[in-house]
Amino acid sequence: MKTAVFWGCCILTNQLGYEMSVREVFPKLDIELVDLHESVCCGDPIKSMNDFAANYLGARVIALANQTGLHDLFVPCNRCHFTISEAKNTIRQNQKAARRIKELLKEEGLEYNPDIKMWHTIDLLHDHVGLEKIRKTIKKPLEGLRMASHVGCQIIRYSDLGRVDDAENPHKLDELIRALGAETVDYAEKLDCCGSALTYSHPDSALSLAGSKLKALQTIKIDSLIVSCPNCGLMFDARQKDTATIIGVKLNIPVLYYTQLLGVALDIDEKRLGLHLNQSPIENLLAKISA
Amino acid sequence: MTKIGVYVCHCGLNIAGTVDVEKVTEYAQNLPNVTAARHYTYMCSEPGQRMIQDDIKAHKLDRIVIATCSPRMHEETFRRAVAEAGLNPYLVEIVNLREHVSWVHTHEPEKATEKAKDLVRMGVARACLLEPLEKRTVKVEKSVLVVGGGIAGIQTSLDLANACFKVYLVEKSPSIGGRMAQLDKTFPTLDCSACILTPKMVDVAKHPNITLLTNAEVTDVKGFVGNYEVSILQKPRYVDAKKCVGCELCTKVCPVKIPDKFNENLTQKRAVYIYSVHAVPKIAAIDPTHCLRLKTKKSSVCGKCQEACEAKAIAFEQQPETIQVKVGGVVIAVGSEVFDASRMAELGYGRFRNVISNIEFERMSDASGPTSGKIVSPSNGKTPRSIAFVQCVGSRDKRFHIYCCRVGCMVTLKQAILAREKILEDVKIYICYIDLRAFGKGYDEFYSRARDMDIDFIAGIPSEIYCSQNESLYFDVYDRGTNKLLEIHADLVVLATGLVPNSDLERISSLFHASRSADGFMLEAHPKLRPLESAVAGIFLAGACQGPKDIPDTVAQASGAAAKAIDMLSSGKIELEPLKAVVDKDLCSGCRICESICPFAAIEMKTDTGKDKEKSRAEVIEAVCQGCGLCSSACPTGAIKIQQFSNPQVLFQVQAAFEKAKPKGGK
Amino acid sequence: MSLVDLMSMATPNFGSREKILAKLCGREIVNCFQCIKCTSGCTALKLLELKPHEIMKLVNLGFVDELASSEIIWTCATCLKCVQRCPQKASPYHVIVALRNLAVEREAKVPEGYLKAVSQILETGLAEACRKIVTRKMEAVDREYLRLPEVSKPKESFQAVFMKAMEEKP
């Protein structure tokens, strides 16, 4: 499959490990990625300022994808996926807004295309590629490892908008992890939010929320927490030390992007997967896998 | 020449407030064939009716047009008034100036008056072509089919049987009793449910006028009001009902265990079983999908029950039997089901063992239930130290069922009180609610009693329920009263799962051609004035199948439905409205389009032998025909028409609609 | 006015309320019957005292102006649990977003983080600036070093059209 890809802001500016692992892993699963001509915000932070402008930015991403001539758009970030989904929904339901958005796009020679299908990492791998193909393609099954998944909020809620997994019992990311040979664990706080959205206004509270979830995870014996959104990855991995400071507890939880874990199972070199960029303590995990 | 009297009603200010009734009357007076035109404040009142009657006599009027409210209100009244004056009641035409004019065009009085004039002109045109019709009388059977053997079906059957009607009570499970038999105590009196129900169940079984058919289902319905022909499938029990004494020796030796439906699958029973402790009839039945002998159909397999049975009642060779009965009316009393709380995944039902539904709690609380009446946490069988009730599960929820289930609050209050009375140790009891509804007689007193029993009422419901390592539960809930976010730990969570339409209703409603309302329950003929019957003549409704309700309301409705059926059938005959389809045999080509299109199966093809040709022609079963008109519009030769709605009659009215000039013709 | 809040002496402002209602398509705020489920499960309640049910009730009664200039509307973590679980398909999240938009329109208190994001987008197209990345071993790296493609900039036309979109009033 050949698909356009929209990375958003977070991945391009600081969650490079996610981008690297996706670029390494997808070709092995017969997915060719085509970057958009521009890197521009999906509109997520703008939503709180002017939701029309946010919908315009979301529609603009679709219009940029339209320029590539491809039918599919891969969006690896939960928040971008949600923002663009709401933009599409607004255009569908609100004639006035749709007209105005299309006018603005026209000023830049851009055209909105409602038929472009949007994918996230979870449904692209689970529904399109399929668990069977993943099982067959990997080289190093991750037997004996216990993983906890954090699928995030804006990719499973709210169901009426059409999301990639069930809102109360999300199972696809777990199944993707199990397809790699590892075990998954269930935990009460599974649906808790990473808090990243609060960074704009209440940064300490954001860290506190992430810290609480990590603290709860620490009571379960797991080898790693697996995420699939750069905002969640930023909170749990890059800022784990800060969250620990805020909640006053020592935290020691390895955090990986699913595509990084998949890359490991595909026996791809750690550096190429950006694993050296992960800030959480993943050494023991990597050692256990190579053993 | 036709002599038409036109009567314009003010309807107080309902019509006259918007429409200039005097102008309309003046206009009517000048229409062709109109002899008299009057207006009056309340045409339906005695003086109003007398006005019409006097005019009929004085001016020898032969058609009446009444411009008033919807015919659904007073058409019958006016027909009777006109009949009293010696005119055929079907020569009355009602023009609706209220629902069709004044109530919808309240802010445009001039245009409304013009529209009123147009409608009156159309009514006058139609009146010219109305024909006198006669009601037909048919004989009816003084017997009633009651579908469903819960408290509604039981009550209705007893009332009918005591009124000397023959009753066929059909129940699909092996015993009657329904939902009420599963209950421990009933609110607001805390009467023991079985104690007040079983005497009635026994009465039903013993009543000479009631034929009790359990393990049976209605499979086909033919005929019409007063003369229904019903096919009932008597499913085999594989036990000879005449020989079985209900000793239960068979159940003790059966090797196969199956989920016990009566106990909400909390326990298991054997493949040969007696349905419940208070089963009526107390006759065993064998589940053919699990019994080894019946599944394999090999006579060498098992058969332990047969060996053990001293009465030689086991009958593996039993076959299903179809019974045909003729009845005059039907009471649908099939009850409702309980919402499957696993659909509301955030509450953990189905995932966490200690989250249960209110019907499961009820079975636990019942002394004859799976725990002999002890309230325990299912995971460890121990007495819970705290119990939390969560209201409105599956009800008042646009994601599932919009309606309020009506009984949830009272059931929870009852169960909370029972928990407090049964559990001798110190147990904390919490009820998390949105609104607490205690609306009936004695209900708010019951709520008062609960508040006096150390039960904590939390004004708010939780978003998600979590499970801890030892399988006890915890959740956050914000309380509107104290404005505090509370964390509650409970060893047992009981969800007030709502009542939902019986999954069999789709089949039942199509069998009897009785519609369901938007919420899925059976649709009553009128929500306020006719709540005991469906829109189909002869089909009555009783109990929760028409809408969720508690026992007092169910019993009231059941007795009411019986009274309605008695009312309809007691004289041995009924009159049929003549506004039905009628076939002109000479024009009918036998193409059968009408037969296939009729939604009520009211048309049959009759073969006519004559003139050496055997020709099949359509014939309308008058009593079943609802006069909907589908056949009339589909008929390619114009052979079938609806009385008073023939092509000429309708087209003449249409013509008048577009002519401000005089309509042509008349009689 | 027939209704007065005796604590603040505020009266309902239905004009402001209309502005909020106009932004909610299909998520009917009027249906809210205060079941409290949203607040019971609110991610931001414990730390920041956000009570979505209270916001719904205040807006329903017309007490919008105070909310638009408050800080509480900026405490929502946008986890969307309230939208998912509301039994009346009302949506505190969308109401909060509408209140935020109103606050921006009236130039009330807006957290700096958002204002920074706007200027960043105008400058580079992205909401964040490229950061200095370090490995676990504290070595500094960047996209070029990691052989990732350069981040392409938006067209010249983007800035002006984006500003137009930002100026758009409902």
Side-chain angles (χ1 to χ4, degrees), chain A residues 9-10 12-14 16 19-20 23 35-41 44-53 56-57 82 90 93-94 100-101 104-105 107-109 153-154 157-160 167-168 191-193 195 197-203 205-206 208-209 274 276-279 281-283, chain C residues 23 25-26 43-44 47-48 74-81 83-84 89 91 93 97-98 100-101 104-105 110-114 116-118 120-121 125-131 133-137 139 141 143 146 148-149 151-155 157-158 160-162 164-168 170:
Chain A
C9 306
C10 193
L12 294 177
T13 59
N14 65 89
L16 307 181
E19 185 182 347
M20 292 172 74
R23 289 191 189 276
D35 283 83
L36 301 178
H37 295 312
E38 300 174 27
S39 302
V40 67
C41 179
D44 170 57
I46 303 300
K47 223 196 282 233
S48 297
M49 319 277 287
N50 182 326
D51 64 349
F52 172 80
Y56 158 73
L57 285 175
F82 177 72
T90 300
Q93 295 193 341
N94 184 339
R100 191 71 192 111
I101 288 173
L104 289 173
L105 288 172
E107 287 190 36
E108 292 193 88
C153 298
Q154 299 208 339
R157 295 183 211 114
Y158 46 97
S159 310
D160 286 354
E168 303 294 350
L191 299 177
D192 283 3
C193 175
L198 284 173
T199 312
Y200 287 115
S201 53
H202 299 84
S205 299
S208 187
L209 279 170
H276 52 314
L277 305 174
N278 291 45
Q279 299 294 305
I282 62 171
E283 275 83 9
Chain C
K23 285 187 181 259
C25 39
T43 297
L47 288 170
L48 297 163
W74 300 97
T75 60
C76 172
T78 71
C79 74
L80 305 174
K81 278 188 181 175
V83 191
Q84 181 65 35
K89 298 218 168 160
S91 173
Y93 161 77
V97 168
R100 289 181 180 184
N101 282 194
V104 168
E105 198 186 306
V110 176
E112 223 193 318
Y114 290 102
K116 277 203 194 133
V118 177
Q120 192 64 47
I121 292 175
L126 298 178
E128 302 175 50
C130 270
R131 295 194 205 183
I133 313 289
V134 284
T135 66
R136 235 173 5 265
K137 299 211 172 101
E139 292 154 346
V141 293
R143 287 186 71 87
L146 295 167
L148 287 168
V151 171
S152 49
K153 287 193 156 272
K155 300 198 236 287
S157 47
F158 172 67
V161 186
F162 174 54
K164 269 201 202 165
M166 286 295 280
E167 249 120 65
E168 196 84 3

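Just so it is clear, the structure is predicted and the values come from calculations on it, not from any experiment. Note on naming: letters A, B, ... go to the chains in the order of the sequence lines (proteins, then strands), and numbering restarts at 1 for each one.
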Does C:Asn101 use its side chain to pair, donor to acceptor, with the backbone of A:Ser48 at less than 3.5 Å?
yes
Side chain / backbone / both / neither for A:His276 at chain C, heavy atoms under 4.5 Å
both
Does any heavy atom of chain A fall under 4.5 Å from the side chain of C:Lys116, the backbone, both, or neither of them?
neither
Chain A contacts, top residue of C:Cys130, C:Pro111, C:Cys79 (heavy-atom pairs, under 4.5 Å)
C:Cys79
Quick one, C:Ile133 and A:Asn14 - any side-chain contact, counting heavy atoms below 4.5 Å?
yes
Should C:Lys155 and A:Glu108 be marked as a salt bridge (Lys or Arg N to Asp or Glu O under 4.0 Å) after you check the CA-CA gap, both sets of side-chain angles, and the distance that decides it?
CA-CA 8 Å; C:Lys155 300 198 236 287; A:Glu108 292 193 88; 5.4 Å; no
Whatever's closer than 4.5 Å to a heavy atom in chain A on C:Val110 counts as side chain
Could you tell me if the side chain of C:Leu47 sits less than 4.5 Å from the side chain of A:His202, heavy atoms only?
no
Structural part of A:Asp44 lying under 4.5 Å from a heavy atom of chain C:
neither
Under a 4.5 Å heavy-atom cut-off, does chain A meet the side chain of C:Lys153, its backbone, both or neither?
backbone
If you tally heavy-atom pairs under 4.5 Å between each of A:Cys153, A:Gly109, A:Gly274 and chain C, the highest tally belongs to A:Cys153
Identify the two heavy atoms, one from C:Val97 and one from A:Lys47, that lie closest to each other, and give their separation to 0.1 Å.
CG1-O, 3.6 Å
Based on non-hydrogen pairs under 4.5 Å, which of C:Pro149, C:Ala44, C:Cys76 is most in contact with chain A?
C:Pro149
Would you mind telling me which of C:Val141, C:Val118, C:Val134, C:Leu48 has the largest number of heavy-atom pairs within less than 4.5 Å of chain A?
C:Leu48
Assign the ring pair C:Tyr114 / C:Trp74 to parallel, tilted or perpendicular, where the plane angle (0 to 90°) is split at 30° and 60°.
tilted
Over 12 foreign heavy atoms within 6.0 Å of NZ, C:Lys164
no
Interatomic distance, C:Lys89 atom NZ to A:Asp160 atom CG [nearest 0.5 angstrom]:
4.5 Å
Shorter than 4.5 Å, heavy atoms on both sides: which option in C:Glu112, C:Lys137, C:Glu167, C:Met166 has the most such pairs with chain A?
C:Met166
Does any heavy atom of chain C fall under 4.5 Å from the side chain of A:Leu57, the backbone, both, or neither of them?
side chain
When only pairs under 4.5 Å are counted, which of A:Leu277, A:Asn278, A:Ile282 shares the most heavy-atom pairs with chain C?
A:Asn278
Which bit of C:Ala117 is near chain A, if near means a heavy-atom gap under 4.5 Å: side chain, backbone, both or neither?
side chain
Test side chain to side chain contact (heavy atoms under 4.5 Å, CB included) on C:Gln84 and A:Ser159 and set out the steps.
CA-CA 7 Å; C:Gln84 181 65 35; A:Ser159 310; 2.8 Å; yes
Cut-off 4.5 Å, heavy atoms of chain A, and the answer for C:Ala160 is neither
Spatial distance of atom NZ (C:Lys81) from atom SG (A:Cys193) [nearest 0.5 Å]:
8.0 Å
Which region of C:Phe162, side chain (C-beta onward) or backbone (N, CA, C, O), has a non-hydrogen atom less than 4.5 Å from a non-hydrogen atom of chain A, or is it both or neither?
both
Could you have a look at C:Leu126, C:Leu146, C:Val104 and say which one has the most heavy-atom pairs with chain A under 4.5 angstrom?
C:Leu126
